[in-house]
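First up is the structure itself, then whatever we jot down about it.
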Amino acid sequence: MLTKKGKYGLKALVHLSGMPVGRLAFVNDIAVANNIPKKFLDAILGELRNAGFVQSRKGKDGGYRLARPAAEIKIGHVIRVLDGPLAPIACASHTQYERCDDCDETVCQVRHMMLEVRQAIAEVLDNRSLAAMRDADNDDMLRDVKYGL
């Protein structure tokens, strides 16, 4: 499940991706516009800066901006940085695999299903850019989800 940290981080990045190229956004403006606690957002933006997604400048004219074009930032990478592996269980993770103590992985049907789930999640998130997320026409997507299309 996506944590609040991951959700807020994505909201902040979408906000920054909507800014004119090179323009800085104040943390408080991002927080207010997206209903994110400022102190929590400060920490999240620090992690996003350390991971190379955003750049910051201190001072009166300081703020944050994207470090590279939104089309080059993949949602799966952002989520892994903020929330860790995409897999629902450790034995299905590609990045932080851990063997289960209570089963034989070669025949464990739970693991096999979770590997499929992890692959489906990664397929969507690793192929969706921040720009695509920002520009998505969610009306069609919401209709498809609502009616099971």
Side-chain angles (χ1 to χ4, degrees), residues 1-19 21 24-56 63-149:
M1 183 182 303
L2 187 66
T3 65
K4 284 196 179 210
K5 179 179 173 183
K7 182 178 179 181
Y8 292 163
L10 288 172
K11 284 182 162 200
L13 288 173
V14 168
H15 183 100
L16 292 173
S17 74
M19 304 284 296
V21 175
L24 296 165
F26 295 114
V27 175
N28 196 57
D29 292 345
I30 300 169
V32 169
N34 294 282
N35 199 28
I36 302 171
K38 184 186 174 299
K39 189 169 183 157
F40 194 20
L41 183 57
D42 280 327
I44 293 167
L45 287 169
E47 286 189 45
L48 292 172
R49 184 187 62 242
N50 292 340
F53 294 116
V54 299
Q55 296 173 331
S56 65
Y64 285 88
R65 66 178 170 220
L66 293 181
R68 57 185 190 262
E72 295 177 13
I73 298 172
K74 298 298 184 188
I75 302 304
H77 189 193
V78 173
I79 292 173
R80 284 182 189 93
V81 164
L82 294 175
D83 281 350
L86 300 177
I89 57 177
C91 66
S93 176
H94 284 210
T95 58
Q96 293 188 13
Y97 166 84
E98 286 184 32
R99 185 177 190 82
C100 293
D101 297 332
D102 58 345
C103 62
D104 177 355
E105 290 181 346
T106 60
V107 296
C108 177
Q109 297 303 334
V110 173
R111 178 176 188 262
H112 294 171
M113 174 59 75
M114 292 304 118
L115 282 167
E116 189 176 341
V117 169
R118 184 250 169 241
Q119 190 59 35
I121 291 169
E123 183 70 26
V124 172
L125 299 178
D126 290 340
N127 290 298
R128 186 79 40 99
S129 71
L130 180 61
M133 182 178 167
R134 176 198 63 212
D135 299 339
D137 178 6
N138 292 323
D139 292 341
D140 290 341
M141 186 184 338
L142 292 175
R143 178 190 48 109
D144 292 350
V145 170
K146 182 177 180 181
Y147 297 111
L149 301 175

Under the side-chain contact (heavy atoms from CB on, under 4.5 Å) rule, collect the residues that match up with R134, sequence neighbours excluded.
-> V14, S17, A70, A131
Could you tell me whether the side chain of E105 reaches within less than 4.5 Å of the side chain of R99, counting heavy atoms only?
-> yes
Pairs in or reaching into residues 68-79: which pass salt bridge (charged side-chain N to carboxylate O under 4.0 Å, His left out), with residues at least two apart or in two chains?
-> none
M114 side chain near V117 side chain, heavy-atom distance below 4.5 Å | yes
Got a second to check how far S93's OG is from L115's CG, nearest 0.5 Å?
-> 10.0 Å
Going by heavy atoms in the side chains, are L66 and V21 under 4.5 Å from each other?
-> no
Exercise: identify the closest heavy-atom pair between P85 and T95 | CB-OG1, 3.8 Å
Nearest 0.5 Å please: distance from the SG atom of C91 over to the CD atom of Q96.
-> 13.5 Å
Sort and list the pairs that fulfil side chain to side chain donor-acceptor pair (under 3.5 Å) and have at least one residue in residues 110-121, not counting sequence neighbours.
-> none
Identify, with sequence neighbours excluded, every residue that meets side-chain contact (heavy atoms from CB on, under 4.5 Å) alongside A12.
-> I30, L41, L45
Given side chains that start at C-beta, do those of N127 and I75 come closer than 4.5 Å, heavy atoms only?
-> no
Worked check of side-chain contact (heavy atoms from CB on, under 4.5 Å) between Y64 and V27 = CA-CA 7 Å; Y64 285 88; V27 175; 3.3 Å; yes
Residues L130 and L13: closest non-hydrogen pair is CD2-O, 3.6 Å
Can you tell me if CG on N50 sees more than 12 non-hydrogen neighbours from other groups inside 6.0 Å?
-> yes
Mind checking side-chain contact (heavy atoms from CB on, under 4.5 Å) for L2 and listing every partner two or more places apart, or none if nothing turns up?
-> K7, L10, I79, D83
Partners of V124 by side-chain contact (heavy atoms from CB on, under 4.5 Å), sequence neighbours excluded?
-> R128
With sequence neighbours excluded, what pairs up with H94 under the ring-ring contact (aromatic ring centres under 6.0 Å, His included) test?
-> none
With distance as the sole test, does D104 use its side chain to make a donor-acceptor pair with the main-chain N or O of T106 at under 3.5 Å?
-> yes
Minimum-distance pair of heavy atoms, taken over all atoms of L16 and A25 | CD2-CB, 3.6 Å
Can you name the residues that form a side chain to side chain donor-acceptor pair (under 3.5 Å) with K38, not counting sequence neighbours?
-> D42
All pairs passing salt bridge (charged side-chain N to carboxylate O under 4.0 Å, His left out) where residues 9-18 contributes a residue, at least two apart = none
Could you list all the ring-ring contact (aromatic ring centres under 6.0 Å, His included) pairs where at least one residue sits in residues 70-90, not counting sequence neighbours?
-> F53-H77
Would you please name every residue forming a side chain to side chain donor-acceptor pair (under 3.5 Å) with D29, sequence neighbours left out?
-> none
What residues form a ring-ring contact (aromatic ring centres under 6.0 Å, His included) with F40, not counting sequence neighbours?
-> Y8
